[in-house]
Q: 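Below you will find the structure I want to go over with you.
Computed from a prediction, not measured in an experiment: that's the story for all the values here. Chain letters run A, B, ... following the sequence lines, proteins first, then strands; residues in each count from 1.
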Amino acid sequence: MGESKLAILEGLLFAAGEEGMHKKQLSEILEIRENEVEELLEDWKEELQNPGRGIRLMESRGTYSLTTKPEYAAVYKRWGYKKNHTRLSQASLESLAIIAYRQPITRVEVDYIRGVKSDQALQTLAERQLVEEAGRKETVGRPILYRTTEHFLTYFGLQSLEDLPELKEAFQEDYSAAENFFDSLEEG
Amino acid sequence: MSVKSEYHIKVEGFEGPMDLLLHLIQRLEIDIHDIPVAEITDQYMEYIHTMNELELDIASEYLVMAATLLAMKSSTLLPEEPVDPEELESEEDPREELMERLKEYRKFKYAAGQLKDREAEDNEVYSRPPVSIEEGAGDDQQATVFDMIEALQRMFNKTGSPSPEVETGVKRDEMPIKRTMDHILQKIQQSPSGITFEKLFSARTRTEMVNTFLALLELVKDKQVLCRQDEHFEDLYIFKQGDNHGRE
């Protein structure tokens, strides 16, 4: 009997929904090795990249789940599935970027990179479930470590953490807001 | 408090001293690897003074950076003593640390911008709650009141009905339901794998049985305990609600 591992896998992940399944779990159910699971998933991921397909495979710390595709986010929103979120502030975005690339990281370390306190931003990020606690750092005071969540991936439509763009040196700054502020001071 | 935060928002054009410094470096078209300390310090102080004159609430971080810059500037103004080259090498350029921090911050500022773009582009993806495949699992398997009554009957069949002769006189409120509930919870706590229905009915007086039964119903209603029966006519098991028993 031609039992298709891929078909089982597809069904499993469909049923698991947002909770997804860890590759270890999958390997147990399918009775194949973990690296074989990975191969299957990799092939499938490619197949789903076909523009004619509407779902995508997401990976978060070894757990795979199916999501819609980011390019149609607006359509699903219009349908009324989700309402628009308030956009994140610059402080939150900076803190989130630091956590995303340097996780797990403590608040003090985020503060140091930004040169300002980030507690407010971190609180917002935690409330919006974009970051979560990830244990304690084994140093003086055992500060809380933070990492990004699975929701961070879905919110930004990332397929996995590896999907984050490379941390680059070069960039174009936009200080128009700040410039306008100081210009208006000089005028007044 | 509200006035203060209002002022603070006005200078939100900058995210902090690092951001202000980056701005100055770009405006002055300075190479970040070779920062003219005197110039950048003067410019920085100018901004601080402007903010100060306007009585804006300057975050302490800006002042800390100002102090750092001034210290760096004064050290560069000191006449350079001829030092032996080995010592010179070990002495670190005070600009080095600042430069590294600025470069590091700039990277994340850029990354934050990319996230912002992604957010604006509306890239969110959606999923949905998992389906419950296990048939008869969970809520479906919860025993009904009738199952509980049947269990009680089976118990009576085995052990005989409660003996009314034990009851003498009127004992009102001897076992208030609340106390029985606590008692049941305690018992369940001791056996995380669940406890059989029969074990809860230790004593055999009618009052006590009624009491226990009512307390159990109350607990089920409050969702504090879960009553389960895997097969019809099998033993009923009582679990503490919220424990993972047999699910997933």
Side-chain angles (χ1 to χ4, degrees), chain A residues 14-20 56 58 65-71 73-74 76-77 81-82 84-85 87-98 100-102 112-117 153-158 164-165 167-175 177-182 185-186, chain B residues 5 9-27 32 46-47 50-51 53-54 56 59-62 64-65 68 98 101-133 248:
Chain A
F14 165 75
E18 65 194 2
E19 272 180 19
R56 193 166 82 155
M58 190 178 87
S65 57
L66 294 174
T67 70
T68 59
K69 284 191 167 181
E71 46 266 51
Y76 304 134
K77 266 188 190 152
Y81 185 62
K82 282 271 161 75
N84 272 312
H85 298 285
R87 299 256 182 260
L88 293 166
S89 70
Q90 185 63 26
S92 297
L93 283 166
E94 281 183 13
S95 307
L96 185 57
I98 294 167
Y101 285 95
R102 289 285 145 85
Y112 181 74
I113 293 173
R114 294 189 59 231
V116 282
K117 290 213 180 308
L153 296 177
T154 59
Y155 184 67
F156 289 100
L158 296 164
L164 274 171
L167 201 52
K168 275 187 291 214
E169 285 272 336
F171 79 118
Q172 201 64 38
E173 282 174 87
D174 179 18
Y175 277 108
E179 276 297 351
N180 291 342
F181 167 69
F182 279 100
L185 292 185
E186 278 155 32
Chain B
S5 54
I9 288 162
K10 284 188 181 168
V11 278
E12 284 287 296
F14 292 114
E15 278 304 319
M18 302 290 277
D19 203 22
L20 175 53
L21 274 178
L22 273 188
H23 163 68
L24 292 175
I25 285 166
Q26 196 198 287
R27 212 189 58 174
I32 200 168
E46 221 172 275
Y47 271 93
T50 315
M51 288 190 208
E53 265 167 45
L54 288 155
L56 296 179
S60 57
E61 291 96 343
Y62 283 96
V64 172
M65 181 58 82
T68 312
L98 183 64
R101 279 190 69 185
L102 280 171
K103 277 170 71 181
E104 180 87 340
Y105 173 68
R106 195 165 66 167
K107 273 193 274 185
F108 288 113
K109 198 186 151 145
Y110 178 62
Q114 286 184 308
L115 285 181
K116 189 181 180 161
D117 291 345
R118 275 201 88 91
E119 188 187 31
E121 278 166 21
D122 218 347
N123 279 307
E124 198 166 358
V125 297
Y126 304 108
S127 194
R128 52 156 190 76
V131 295
S132 165
I133 286 185
E248 274 148 294

Q: Any idea which of Glu61(B), Lys116(B), Glu121(B) has the most non-hydrogen atom pairs under 4.5 angstrom with chain A?
A: Glu61(B)
Q: Please round to the nearest 0.5 Å and tell me the distance separating atom CD1 of Ile32(B) and atom CG of Leu102(B).
A: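 The distance works out to 5.0 Å.
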Q: Look at Ala120(B), Ala111(B), Ala112(B) and state which one has the largest set of heavy-atom pairs under 4.5 Å with chain A.
A: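 Highest number of heavy-atom pairs under 4.5 Å: Ala112(B).
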Q: Output the option from Gly115(A), Ala74(A), Ser95(A) having the highest count of non-hydrogen pairs under 4.5 Å with chain B.
A: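 The residue among Gly115(A), Ala74(A), Ser95(A) with the greatest pair count is Gly115(A).
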Q: Taking the six-membered ring of Tyr155(A) as reference, does the cationic atom of Arg118(B) (NZ for Lys, CZ for Arg) lie under 6.0 Å from its centre and within 45° of its axis?
A: no
Q: Nearest 0.5 Å please: distance from the OH atom of Tyr105(B) over to the CD atom of Glu94(A).
A: 3.0 Å
Q: Counting only non-hydrogen atoms closer than 4.5 Å, does Leu66(A) touch chain B with its backbone (N, CA, C, O), its side chain (CB onward), both, or neither?
A: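 The backbone, not the side chain.
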Q: Only pairs of heavy atoms separated by less than 4.5 Å count here; which of Lys103(B), Gln114(B), Met65(B) has the most with chain A?
A: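 Heavy-atom pair counts peak at Gln114(B).
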Q: Should Arg114(A) and Glu15(B) be marked as a salt bridge (charged side-chain N to carboxylate O under 4.0 Å, His left out) after you check the CA-CA gap, both sets of side-chain angles, and the distance that decides it?
A: CA-CA 8 Å; Arg114(A) 294 189 59 231; Glu15(B) 278 304 319; 2.9 Å; yes
Q: Out of curiosity, Tyr62(B) OH to Leu20(B) CG, how far, rounded to the nearest 0.5 Å?
A: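 Tyr62(B) OH to Leu20(B) CG: 6.0 Å, rounded to 0.5 Å.
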Q: Which atoms of Ser65(A) are under 4.5 Å from chain B, going by heavy atoms: the side chain, the backbone, both sets, or neither?
A: neither
Q: Can you tell which part of Glu119(B) gets under 4.5 Å to a heavy atom of chain A, answering side chain, backbone, both or neither?
A: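 Glu119(B) touches chain A through backbone and side-chain heavy atoms alike.
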Q: Are any of the side-chain nitrogens in Glu104(B) or Arg101(B) under 4.0 Å away from the carboxylate oxygens of its partner?
A: no
